[in-house]
Amino acid sequence: MASTTSKRFLQRPAWARPEHPVFWLESNRNGRSAVLSLMRFGCLPLILAVGGLVAMGVGTLAFVQEAAYNVENAFMTSLAATVGALLIVQVVAGAAANILMVAQAAPLISGEVELQSWGLLRTTTLTLREIVMAKLWAVLNQLRGSLLGLMALRAASTGTALLFLMYLLLRDILYYMSQARWVETLQEQIWTPPTVAALVFLAWYLVQPVLQFVLNGAVGMAASTFARSRGRAIAIALATRLVLWVSSIIVNVGLIYLLGFLLIANWSQPQYAPIEWFTQFSQPSDQAISFVLSGTAILYIMFVALLQVGLLAAALTITQRRARRLGG
Amino acid sequence: MAENVRDASESTQPAGLRRFLSVGGCLPLAVLVALVLLAFVNAVTYVRPPSWIDDVAEWRLSGRLLVSFWVVAGLQLIATWILGLSGAIAGAQAHNETGDLGRRLRRAQWRLVAAALGVLALRLLLLIVVLTAVGLVAGHVFNPTIDGWLASRLLQLSRRYAWLGLASAAVIGLHLLIGPFLRTRYSVALGLWAAARARNDEERAWAAASARLMAGFAGVFGLLWGGATIVLVWASLTDPILDWHGLPTPYFLPSAPDPLSTILGVMLVTALISGCITAGQIVLPPLFRALAMRRLRAADAGAESDV
């Protein structure tokens with residue numbers, strides 16, 4: 001009994017299996033279109049090609065400029081340059097993958113409505129939830145190449161950045177610290193909270209491609225329920241994604257600036273605080289600053305992650321509610 | 001089953017001359033493109049010397065040699081990259097053909113011989129540029145304009161550690177010369193394996209290209225991370241953190257002065273990396289082929305049981 005329960009838990013849900021009728025229909029809907037083949041299968045090789053060539057080119061150029069003088073500095077420069085280049089490639093590739101996902105998800109329901117097959121689909125024994133999830137899963141599966149490419153870029157940039165950080169710590173920051181300062185730092189545990197914050201950020205950073213991928217699919221599907229034609233649905237979906245992107249930038253930049261202003265410029269340096277109210281407090285210790293700033297960073301990252309998951313859940317809920325009311 | 005079917009595709013191949021031209025076109029094209037680029041670059045660079053240059057002829061010659069090195073090095077890198085990708089796609093095409101698997105793979109590799117020769121030609125051109133520069137520097141033509149310091153250290157190295165230097169140069173040289181052919185063999189096998197894992201015919205070529213590019217991607221970061229880690233460990237051992245009364249500082253070679261040990265270290269590490277890449281390119285193709293065969297047999301068994 002216990003093994004059956006655990007097996008059932010590990011099995012895919014019905015809507016995620018290849019033999020599910022809606023999943024099968026969506027996966028084979030467009031036949032052998034060359035453009036669709038390119039979109040489905042070309043993303044991964046394109047991302048890997050561009051990422052690999054950029055990394056090799058930038059890394060080599062940065063390396064040889066310093067290699068004749070100092071091999072250590074040459075590797076540091078090469079690592080830093082590679083991280084910068086990969087971040088730019090990730091932004092561009094991520095934006096393209098986002099647009100592709102949204103555009104592919106938008107016609108999922110609006111297309112059925114336009115072809116007047118949505119009503120027929122709803123008369124089957126499949127639940128609405130199963131239909132929605134199977135359609136979403138099909139489009140996620142079709143564009144899995146772009147997700148794999150983005151994950152590869154993310155892993156590469158993370159590894160390179162961590163190695164660069166090791167260089168910075170061992171050959172620059174910690175290199176010039178006296179033994180007494182070493183002992184003091186370790187005993188006061190100043191580095192523990194920032195390390196935990198960095199790990200939380202790293203986990204969030206690594207999960208982002210998957211989260212964004214599914215979120216874009218959900219946003220596309222939600223937009224699909226607001227239109228009765230594919231073209232209109234794509235327009236609404238892309239506009240919605242753009243609004244979400246711009247507003248997230250504004251909110252995040254605003255919050256980070258506000259928190260930085262309050263905590264770093266005011267609370268941690270009360271004698272120089274621009275806000276007079278903070279000047280009444282005494283200078284906090286290095287430990288207190290480390291704990292408060294790191295704790296704030298951790299809470300902020302968790303808030304952003306929860307917001308993203310909440311948006312995803314909201315998009316799926318909106319999709320199901322509006323799809324229930326759709327006729328035709 | 002797949003190995004024992006008679007090869008029906010041999011009768012449908014194009015005529016001899018056209019085939020020879022399509023196969024043999026890459027080699028002269030690569031050389032032609034390289035020579036044209038070199039001529040162009042040498043014509044437009046280092047034309048007007050700055051006012052502080054005393055010996056214009058040396059400035060021009062050293063500058064153009066350096067630029068030529070970068071042009072040919074870049075060209076051969078791009079050509080090598082294209083060769084790998086073409087090999088993988090050829091491996092996917094070999095999967096779709098019928099007949100003996102070994103014969104299909106050999107045919108796929110044979111189709112790319114001219115491309116591999118093109119890459120080899122570019123590498124030989126690169127070697128000519130490097131040897132020309134080394135010969136001119138060793139003959140004391142240049143001032144410190146073109147790394148006279150490096151050249152004199154290389155000469156010192158060749159006197160003191162001749163066998164190590166020669167061995168490293170031999171390994172690196174071997175990898176440069178036979179690398180294109182090994183790369184073709186490796187890429188075709190990898191492409192075949194990736195194509196065997198694909199779900200349908202539509203995906204096979206893409207899967208092969210993705211696998212090859214993923215291997216290249218992993219290789220680039222393997223080199224960067226591996227090299228950076230080795231240097232970080234070495235630097236931490238030979239130049240430990242200040243005031244940290246830890247381990248004694250070992251030198252790479254007890255009697256070697258620092259610049260020489262650095263150059264020797266770089267040469268040995270490069271030779272080690274070249275050796276590892278060459279070994280991987282020799283060892284991995286049979287493994288990929290065996291994995292692909294296993295997959296093909298399982299697919300055939302599945303098809304038979306359906307019938």
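Quick note on labels: first sequence line is chain A, next is B, and so on, each numbered from 1.
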Salt bridge (Lys or Arg N to Asp or Glu O under 4.0 Å) involving A/R17 - partner list, sequence neighbours excluded: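 Listed in chain order: nothing, the list is empty.
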Take B/F221 and A/T160 through the test side chain to side chain contact (heavy atoms under 4.5 Å, CB included) and record every step on the way to the result. CA-CA 8 Å; B/F221 285 97; A/T160 311; 3.5 Å; yes
Can you tell me how far [atom2] of [Y] sits from [atom1] of [X], rounded to the nearest 0.5 angstrom?
{"X": "A/R144", "Y": "A/N141", "atom1": "CZ", "atom2": "CG", "answer": "4.5 Å"}
{"X": "A/L115", "Y": "A/R230", "atom1": "CG", "atom2": "CZ", "answer": "5.0 Å"}
{"X": "B/L127", "Y": "B/T132", "atom1": "CG", "atom2": "OG1", "answer": "9.5 Å"}

I'd like to check B/P180 versus B/Q76 (side-chain heavy atoms, cut-off strictly below 4.5 Å). Are they in contact?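 Sidechains of B/Q76 and B/P180: no contact.
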Got B/V41 and B/W70 here, is their nearest side-chain heavy-atom distance under 4.5 Å?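 In short, these two side chains do not touch, never coming nearer than 4.5 Å.
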Contact leader toward chain A among B/L85, B/L223, B/L213, B/T229, where contacts are heavy-atom pairs under 4.5 Å: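 With the most close heavy-atom pairs to chain A, the winner is B/L213.
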Mind ranking B/L77, B/I78, B/L224 by heavy-atom pairs under 4.5 Å with chain A and telling me who comes out on top?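 Top count of heavy-atom pairs under 4.5 Å with chain A: B/L224.
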So does B/L176 get a backbone contact from the side chain of B/R123, meaning a donor-acceptor N/O pair under 3.5 Å?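 The answer is yes, because a donor-acceptor pair under 3.5 Å joins these two groups.
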Taking side chain as everything from C-beta outward and backbone as N, CA, C, O, which of these in A/A74 sits under 4.5 Å from a heavy atom of chain B? Side chain, backbone, both or neither.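 Neither part, no heavy atoms under 4.5 Å.
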Tell me, for A/L53 versus chain B, whether the close heavy atoms (under 4.5 Å) come from the side chain, the backbone, both or neither.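 The side chain, not the backbone.
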Proximity of residues 81-92 of chain A to chain B, residues having a non-hydrogen atom under 4.5 angstrom: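 Contacts with chain B: A/T82, A/L86.
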Among A/G59, A/S78, A/G42, which residue has the highest count of heavy-atom pairs closer than 4.5 Å to chain B?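 Most heavy-atom pairs under 4.5 Å with chain B: A/G42.
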Parallel, tilted or perpendicular: which one describes the rings of A/W15 and A/W137, with boundaries at 30° and 60°?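 Perpendicular: the ring planes of A/W15 and A/W137 meet at over 60°.
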Below 4.5 Å from any heavy atom of chain A, which atoms of B/V220 appear? Answer side chain, backbone, both or neither.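 Contact with chain A: side chain only.
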